[in-house]
Amino acid sequence: MSTKHTKAASAFLLNKSRAQFLNQSIWYVREKRDKVAMQLAEWEELRELSSSIKCHTVTHLDTYLEQFASQAETNGVIVHWAKDANEHNKIVYDILQQHGAKKLVKSKSMLTEECHLNNYLINKGIDVVETDLGERILQLMQVAPSHIVMPAIHLKRQQVGKLFEDKLGSEPGNSDPTYLTRVARLHLRNEFMTADAGLTGANFGVAATGDVVVCTNEGNADMSTSLPPLHIVSMGIEKVIPDYRSLAVFTRLLARSATGQPSTTYTSHFRKARPGCEMHIVLVDNGRSDILANPQHWETLKCLRCGACMNTCPVYRRSGGYSYTYFIPGPIGINLGMLRSPRAYSDNVSACSLCCSCDNVCPAKINLSEQIYSWRQGLDAIHKADPMKKIISSGLKYLYGHPTLYYMGLKYAPLINRLPRNILYNRLNAWGKGRELPTFARKSFSEMWKKGIVR
Amino acid sequence: MNSKESILSNIRKNSCADYEMPDIAVAAVRYDDSLQQFIDMTKAVGGNAHVVQVDEDINDLIRSYYPEAVNIVSNLPEVTIATGNPDVVAKPQDLDGTDVAVVRGEIGVAENGCVWIPQAVKEKAVYFIAEYLVILLSADKIVNNMHEAYDMLQFSDYGFGTFISGPSKTADIEQALVVGAQSACGVTVLILNHR
């Protein structure tokens with residue numbers, strides 16, 4: 001009973017101190033989230049409102065997208081529409097080419113990860129520089145993010161110190177986070193100063209005003225767009241929201257849910273290009289409009305990409321982002337992966353203990369665990385059900401359908417308690433891998449009930 | 001059919017539910033002393049806030065906070081200590097090397113220490129490129145929460161505005177909080193006209 005996720009997780013857990021470090025780092029963020037959430041009496045009311053606003057917006061996406069695009073165009077912004085990742089990448093490259101841009105500074109965007117934009121541009125000769133510290137670290141290491149908000153959460157300071165020593169010429173042996181952040185600041189300042197274009201994602205697109213709202217702590221989205229003459233926004237179509245009254249609800253939930261901060265340091269509203277400069281918005285579908293047709297899973301489009309579901313997930317915390325086969329890990333990633341391709345990403349649906357904690361922290365109240373459960377029900381239909389589990393299920397079905405056999409089994413079950421471990425825990429007992437069998441009671445409840453010992 | 005039409009028609013074809021827009025009337029947090037709450041939150045997010053007294057001069061205060069600052073940039077007439085004006089630079093890159101930028105905030109938010117700054121300079125880079133940022137904020141513009149802030153939000157013709165809550169920061173290396181990532185290393189909010 002192994003999936004790619006369980007195999008990768010087993011490998012990850014071999015290094016116990018690293019596994020413990022990740023669990024503790026992420027649990028710390030979850031605790032901070034609880035603390036700030038509990039400071040607001042209206043917290044649950046905000047979650048409910050956020051869910052309702054998203055339900056409304058996502059089910060009226062055509063109206064809000066048209067309003068957003070026309071408002072942005074009125075503001076002088078050039079709006080593009082991309083059906084898929086390829087079209088998005090091509091549009092971005094064409095804009096860069098029209099401006100003769102060679103160097104592009106980028107703030108964090110999971111959408112561009114989804115579209116594999118960086119490699120596309122690099123292959124065409126563009127110098128692409130990630131400017132979020134975590135993203136820059138990973139780019140220099142040539143690896144992908146392991147978390148959607150804290151991309152380098154799995155790394156130790158010594159790894160970053162060594163990387164900066166090799167790539168940025170930092171002091172050998174110095175892995176102090178403040179020192180390393182200063183080194184990155186100087187390095188990135190130079191990149192901002194010499195960039196020809198800046199690209200940001202979008203946390204929200206406000207239909208009523210055409211504003212693109214970008215939230216960061218580092219100020220890198222603002223540095224990326226204040227210096228170069230060209231600003232490109234990559235925005236998923238589900239990021240549009242109606243108006244400022246809605247935005248107030250989301251800005252109160254986003255940072256509190258993501259990192260336990262009352263707000264991100266910067267919540268920037270980009271409405272127009274700088275004088276003499278250009279601003280472009282690329283609205284990207286890439287499968288989102290198909291998700292709308294899925295009655296059980298369309299609510300994944302409500303996601304704010306805060307990462308709270310990962311931080312709370314006991315499986316994510318103990319297996320790390322790289323154990324998942326989809327580029328977004330954790331509960332939301334399991335669902336989005338299945339929506340992308342059930343056959344390609346079904347290995348992740350087992351990475352859930354159905355504890356439902358994610359449902360209870362999600363600021364958009366997405367029923368994440370229910371959705372994962374429903375994907376599991378559909379595994380057999382796509383020939384991805386585990387054969388061992390199928391045998392066990394049909395065996396149990398037979399047992400429960402035959403009361404005589406069941407009661408006989410119950411009577412003799414206590415004998416199992418006395419069997420030696422090597423008979424009980426071998427590769428035939430997949431259930432016993434990593435967990436202990438229960439001790440079977442000498443007398444079963446039904447036996448005691450029949451004899452009147454309990455009532 | 002172009003991509004826009006194709007995306008929109010796919011959305012129309014696929015939408016399988018219809019939800020009404022909720023009534024957004026939140027019984028949101030209010031504070032007995034929103035000024036004090038704003039000051040506390042500004043400090044909690046790594047910034048500094050000071051209520052300017054009638055006998056204090058903002059130029060003296062700025063000098064005392066940043067005694068070593070050489071390049072002080074502002075387009076506000078009351079900031080006589082300024083050595084440069086962000087409205088007259090030829091290009092935003094010229095603002096690199098700014099030690100302190102002094103700007104005006106229009107709304108302070110007590111619940112999270114955010115200050116709304118609608119762009120009021122030629123190059124918005126000044127808000128982010130300076131080592132330290134000083135924000136002048138009138139005490140009567142402090143509101144309780146983001147709902148109140150968005151209800152009164154104003155833009156200038158520049159078409160850019162930002163909420164700033166304390167200095168630039170990161171915890172990307174081992175969750176260790178470091179102040180001064182890519183933008184301002186320190187933020188001081190000077191609260192004016194307090195009665």
Side-chain angles (χ1 to χ4, degrees), chain A residues 25 28 40 42 45-46 49 52-53 55-56 59 61-62 65 75 81-83 87 131 133-134 150 152 156-157 160 177-178 180-181 185 188 193 217-220 222-223 226-227 237 242 244-249 251-252 262-263 265-272 285 289-290 292-293 295 298, chain B residues 2-4 6-8 10-12 14-22 24 26-29 41 45 92-93 96 111-114 123-125 127-129 145-147 149-150 153 155 158-176 178 180-184:
Chain A
S25 305
Y28 168 71
L40 293 179
E42 67 270 31
E45 190 188 346
L46 289 173
L49 266 176
S52 311
I53 298 166
C55 280
H56 167 73
T59 57
L61 211 47
D62 54 335
L65 278 172
N75 298 336
W81 301 71
K83 277 187 286 195
E87 192 174 7
T131 63
L133 176 57
M150 301 170 288
K156 300 285 281 183
R157 63 181 68 186
V160 181
T178 304
L180 295 174
T181 302
R185 177 183 171 91
L188 287 170
M193 291 289 285
N217 278 323
E218 298 185 7
N220 58 313
D222 292 296
M223 289 297 288
S226 295
L227 296 165
I237 53 172
Y244 278 172
R245 300 196 76 199
S246 319
L247 182 58
V249 173
T251 53
R252 298 189 73 200
S263 164
T265 302
Y266 301 94
T267 304
S268 292
H269 293 234
F270 299 92
R271 185 177 286 186
K272 291 182 185 176
D285 184 341
S289 62
D290 290 333
L292 279 174
W298 68 267
Chain B
N2 66 26
S3 293
K4 175 182 180 178
S6 145
I7 292 169
L8 290 173
N10 211 36
I11 290 170
R12 286 176 195 126
N14 287 342
S15 293
C16 60
D18 182 6
Y19 284 80
E20 289 295 303
M21 180 69 177
I24 304 177
V26 186
V29 63
M41 282 313 298
V45 296
Q93 284 82 355
D96 193 35
E111 71 162 318
N112 55 17
C114 278
E123 293 296 347
K124 64 182 177 177
Y127 302 121
F128 311 104
I129 206 167
N145 53 55
M146 292 302 279
H147 307 287
Y150 274 113
L153 203 76
F155 261 72
Y158 283 112
F160 174 84
T162 184
F163 282 102
I164 297 184
S165 167
S168 152
K169 54 185 87 69
T170 182
D172 275 346
I173 301 174
E174 277 195 15
Q175 281 298 297
V178 180
Q182 320 317 341
S183 200

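Proteins get letters first, then strands, A, B, ... in listed order; numbering begins at 1 in each.
At a 4.5 Å heavy-atom cutoff, the contact between E20(B) and chain A is made by backbone atoms alone. Only the side chain of V45(B) comes within less than 4.5 Å of a heavy atom in chain A; its backbone stays farther off. Heavy atoms of T251(A) lying under 4.5 Å from chain B belong exclusively to its side chain. Proximity to chain B is limited to the side chain of L40(A), based on heavy atoms less than 4.5 angstrom apart. Only the side chain of L65(A) has a heavy atom closer than 4.5 Å to any heavy atom of chain B. With a threshold of 4.5 angstrom between heavy atoms, E45(A) approaches chain B through side-chain atoms but not through N, CA, C or O.
Between D222(A) and Y127(B), the closest side-chain pair of non-hydrogen atoms is not below 4.5 Å. Under the 4.5 Å side-chain criterion, counting only non-hydrogen atoms from C-beta, T265(A) is not in contact with P167(B). Between N14(B) and D290(A), the closest side-chain pair of non-hydrogen atoms falls below 4.5 Å.
Between chain B and the options A152(A), S25(A), C55(A), heavy-atom pairs under 4.5 Å are most frequent for C55(A). Ranked by non-hydrogen atom pairs under 4.5 Å with chain B, the options L46(A), L247(A), N220(A) are led by L247(A). Heavy-atom pairs under 4.5 Å with chain A were tallied for A28(B), C114(B), G113(B), S165(B); the largest tally goes to S165(B). Counting heavy-atom pairs under 4.5 Å between each of R157(A), E218(A), E42(A) and chain B puts E218(A) at the top. Considering only heavy-atom pairs separated by less than 4.5 Å from chain B, the leading option among P295(A), S246(A), S226(A) is S226(A). Annotation: maximal heavy-atom pairing with chain A below 4.5 Å, among A149(B), G166(B), A171(B), G180(B), occurs at G180(B). The most heavy-atom pairs under 4.5 Å with chain A, out of F163(B), Y158(B), Y150(B), come from Y150(B). Note: G161(B) leads G161(B), S6(B), A184(B) in heavy-atom pairs under 4.5 Å with chain A.
Relative ring orientation between Y19(B) and W298(A) is described as tilted, the plane-to-plane angle lying within the 30° to 60° band.
Interatomic distance, S183(B) OG to N217(A) CG, rounded to the nearest 0.5 Å: 11.5 Å. With values rounded to the nearest 0.5 angstrom, N10(B) atom CG is found 11.5 Å from D62(A) atom CG. Once rounded to the nearest 0.5 Å, the distance linking NZ of K169(B) with OH of Y266(A) reads 7.5 Å. Interatomic distance, CG of L180(A) versus OG1 of T170(B), reported as 11.5 Å (0.5 Å rounding). Note: I129(B) CD1 to M223(A) CE = 4.5 Å, rounded to the nearest 0.5 Å. H56(A) NE2 to M21(B) CE: the interatomic distance, rounded to the nearest 0.5 Å, is 5.5 Å.
For the residue pair I24(B) and R245(A), the shortest heavy atom distance occurs at O-NH2, 2.7 Å. Residues T162(B) and S268(A) approach most closely at OG1-OG, 2.8 Å, considering heavy atoms.
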Next on the checklist: Walk me through whether R185(A) and Q182(B) qualify under side chain to side chain contact (heavy atoms under 4.5 Å, CB included).
Outcome noted: CA-CA 5 Å; R185(A) 177 183 171 91; Q182(B) 320 317 341; 4.2 Å; yes
Item to check | Verdict with supporting geometry, D96(B) and L227(A), side chain to side chain contact (heavy atoms under 4.5 Å, CB included) | outcome: CA-CA 10 Å; D96(B) 193 35; L227(A) 296 165; over 6 Å; no
Checklist entry - Between H147(B) and V249(A), is a side chain to side chain contact (heavy atoms under 4.5 Å, CB included) present by the stated rule, with each step listed? => result CA-CA 7 Å; H147(B) 307 287; V249(A) 173; 4.0 Å; yes
Checklist entry - Could you go step by step and tell me if R252(A) and N112(B) meet the side chain to side chain contact (heavy atoms under 4.5 Å, CB included) rule? => result CA-CA 9 Å; R252(A) 298 189 73 200; N112(B) 55 17; over 6 Å; no
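Here F160(B) and F270(A) bring their ring centres to under 6.0 angstrom of each other.
Judged by distance alone, the side chains of E87(A) and S3(B) do bring a donor and an acceptor atom under 3.5 Å apart.
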